[in-house]
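Predicted, not measured: the structure shown is a model, and the values here were computed from it.
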Amino acid sequence: MRVRPPGGPAFDVVHERRGSGAPVLLLHGIGHHWQAWEPVLSALAASHEVVAVDLPGFGASPALPPPYDYDLGTVVPLLARTLEALGIERPHVVGNSLGGLLALELGRHGHARSVTALSPAGFWTEPERRYAFGVLRGMRAGAAALPDGAVRRLARTAAGRAALTSTIYARPGRRSPEAVVAETRALRDAAGFAPALAAGRRGDVRFTSDLADVPVTLAWGDRDRLLLPRQGVRAKKTIPGARLVRLNGCGHVPMNDDPARVTRVVLDTVARATV
C-alpha cells in the first residue's frame, strides 16, 4: 500500500488485514515483522477487523525515503497518515516493544481508541537503554553472521530455536521452524534497524505523558530479558490510570509465549473503551 503524506514523498507499507468489526492495529517491535502477531491474529480477527503492519524499513516494507528520519516526531505522523490510507479512524492500537511506544504515542496524539502496550520501549533508565540497544545490536550481528543454511538447520530443533530466539521468547520451542527462519531473516535484512537505533541514541526517547482519556493496558512478561519487568512499574507511575498486567512465563515478545493470555488482555482493553 502506498501512503502519500502532504508535503513529503510517498512511502510503502506492507500489511495483513483480517476480520471485521471495530478496527485493531498491531505494531511489532524493532527488527521484527507483522508475522510476530500470527499467534493471536486469528483469535482477534474473530470479532474485530485486525490490521498488522510491517513498519517502514521492517519486514517487507521498504525503508522510509529521504528526507524522513526515524525519530518519533516523524514516524508517529506518518503512522497517522497510514491509518488514513487504510481507511481506519482511531483504531484500538496494540504494540510490542518499539511498537508499544508507538502505540502510546498514537494514543497521546488522539489516534487511538485504546492502547495495549506489551513491554513498550520508553520507560528505561539510560543504562537500561544502553543495555537493550547493545543486546539488539548483538542479535542483529548474529543474524547477519549466520548463512541461511545454518539458520534452517538450527531452526529444526528446539535447542536451535532457543539459541536463535531465547532473548525475546521465554518459550522459544513453541515457535515453528519456519517462523524462526523468517524472523531471523527479517532481523538481518531490516533496513530500518540501524536508523531507528540511531534515532533512539540521538534523542531522549522516553514516554513521559499521562493518557487519562484513553484506556491503557501495560503488559509485561515476567521473563522479559530485553526491557526488564521493573520498567512496568515506572510505566504505571507515568500513566496512573493504566492497568498493569504481569504476563507470567512470558518473555519480551509474549504473543508467542502465551497467545491466549495476550488475546484476553487485548480484548479486555478494547472492552474498556466501549463501556
Side-chain angles (χ1 to χ4, degrees), residues 24-32 34 36-37 40 52-53 55 58 70-73 75-76 79 91-109 111-126 128-133 135-136 167-170 192 196-197 199-201 203-212 214-247 250-258 261-263 265-266 268-270 272-273:
V24 176
L25 176 70
L26 305 178
L27 303 175
H28 62 75
I30 190 169
H32 228 146
W34 74 257
W37 297 100
V40 302
V53 302
L55 293 170
F58 299 97
Y70 278 80
D71 60 277
L72 291 175
V75 173
V76 173
L79 282 176
H92 302 280
V93 185
V94 185
N96 173 226
S97 194
L98 169 62
L101 173 58
L102 293 172
L104 291 166
E105 287 287 346
L106 285 170
R108 184 167 75 90
H109 289 279
H111 301 301
R113 300 186 203 184
S114 71
V115 174
T116 306
L118 310 173
S119 293
F123 298 99
W124 42 39
T125 63
E126 181 56 20
E128 288 169 347
R129 184 200 65 77
R130 290 197 300 267
Y131 160 78
F133 281 28
V135 171
L136 289 167
T167 302
I168 59 172
Y169 299 127
L197 278 192
R201 286 194 303 270
D204 183 15
V205 183
R206 290 183 176 87
F207 192 84
T208 59
S209 301
D210 191 8
L211 293 179
V214 179
V216 175
T217 296
L218 305 159
W220 235 280
D222 64 354
R223 296 172 63 184
D224 192 330
R225 299 170 57 191
L226 186 65
L227 299 181
L228 305 179
R230 61 175 175 254
Q231 295 175 29
V233 177
R234 290 190 208 117
K236 170 68 174 172
K237 290 179 179 177
T238 301
I239 311 172
R243 181 177 60 141
L244 177 60
V245 177
R246 291 295 185 195
L247 301 174
C250 291
H252 183 62
V253 183
M255 301 86 77
N256 181 75
D257 289 327
D258 194 342
R261 174 70 165 144
V262 170
T263 299
V265 167
V266 173
D268 286 349
T269 311
V270 169
R272 289 171 60 205

**Report entry** pair H28-N96: side-chain heavy atoms closer than 4.5 Å
**Finding:** no
Report task. Working to the nearest 0.5 Å, report the span between CZ of R113 and CG of L25. Result -> 12.0 Å
Requested in this report: Could you tell me the separation between the NE2 atom of H92 and the CG atom of L106, rounded to the nearest 0.5 Å?
Outcome: 14.0 Å
Requested in this report: Over all heavy atoms of both residues, which pair between P229 and G221 is shortest? Give the atoms and the distance, please.
Outcome: CG-O, 3.5 Å
Query raised in the report: Nearest heavy-atom pair of F123 and R234: which atoms, and what distance?
Result: O-NH1, 2.8 Å
Requested in this report: Mind checking the CZ-CG spacing from F133 to L226? Nearest 0.5 Å is all I need.
Outcome: 9.5 Å
Report summary line: All heavy atoms of P91 vs all of H111, minimum pair found to be CD-O, 3.4 Å
Report summary line: Separation between OG1 (T238) and CG (D210), nearest 0.5 Å, reads 8.5 Å
Query - Non-neighbouring partners of D257 that pass side-chain hydrogen bond (donor to acceptor under 3.5 Å, both in side chains), sequence neighbours left out - result: none
Report task. Show your reasoning for whether side chain to side chain contact (heavy atoms under 4.5 Å, CB included) applies to L101 and L72. Result -> CA-CA 9 Å; L101 173 58; L72 291 175; 4.0 Å; yes
Report task. For W124 and V205, work out which heavy atoms get closest and say how close. Result -> NE1-O, 2.8 Å
Query raised in the report: Among I30, V75, L79, which residue meets the side-chain contact (heavy atoms from CB on, under 4.5 Å) test with L55?
Result: L79
Query raised in the report: What is the distance from atom SG of C250 to atom CG of D258, rounded to the nearest 0.5 Å?
Result: 4.5 Å
**Report entry** Distance-only polar pair, side chains of T217 and R243, donor-acceptor under 3.5 Å
**Finding:** yes
Query raised in the report: Is it true that the side chains of S97 and H252 contain a donor and an acceptor less than 3.5 Å apart?
Result: yes
Report summary line: Between the CG atom in L247 and the CZ atom in R223, the distance rounded to the nearest 0.5 Å is 12.5 Å
Report task. Before giving the answer on side chain to side chain contact (heavy atoms under 4.5 Å, CB included), spell out for T269 and V115 the whole-Å C-alpha distance, their side-chain angles and the decisive distance to 0.1 Å. Result -> CA-CA 7 Å; T269 311; V115 174; over 6 Å; no
Query raised in the report: Which heavy atom in A196 sits nearest to a heavy atom in F58, and how many Å separate them?
Result: CB-CZ, 4.2 Å
Report summary line: Of all heavy-atom pairs linking H32 and V253, the shortest is CE1-CG1, 4.2 Å
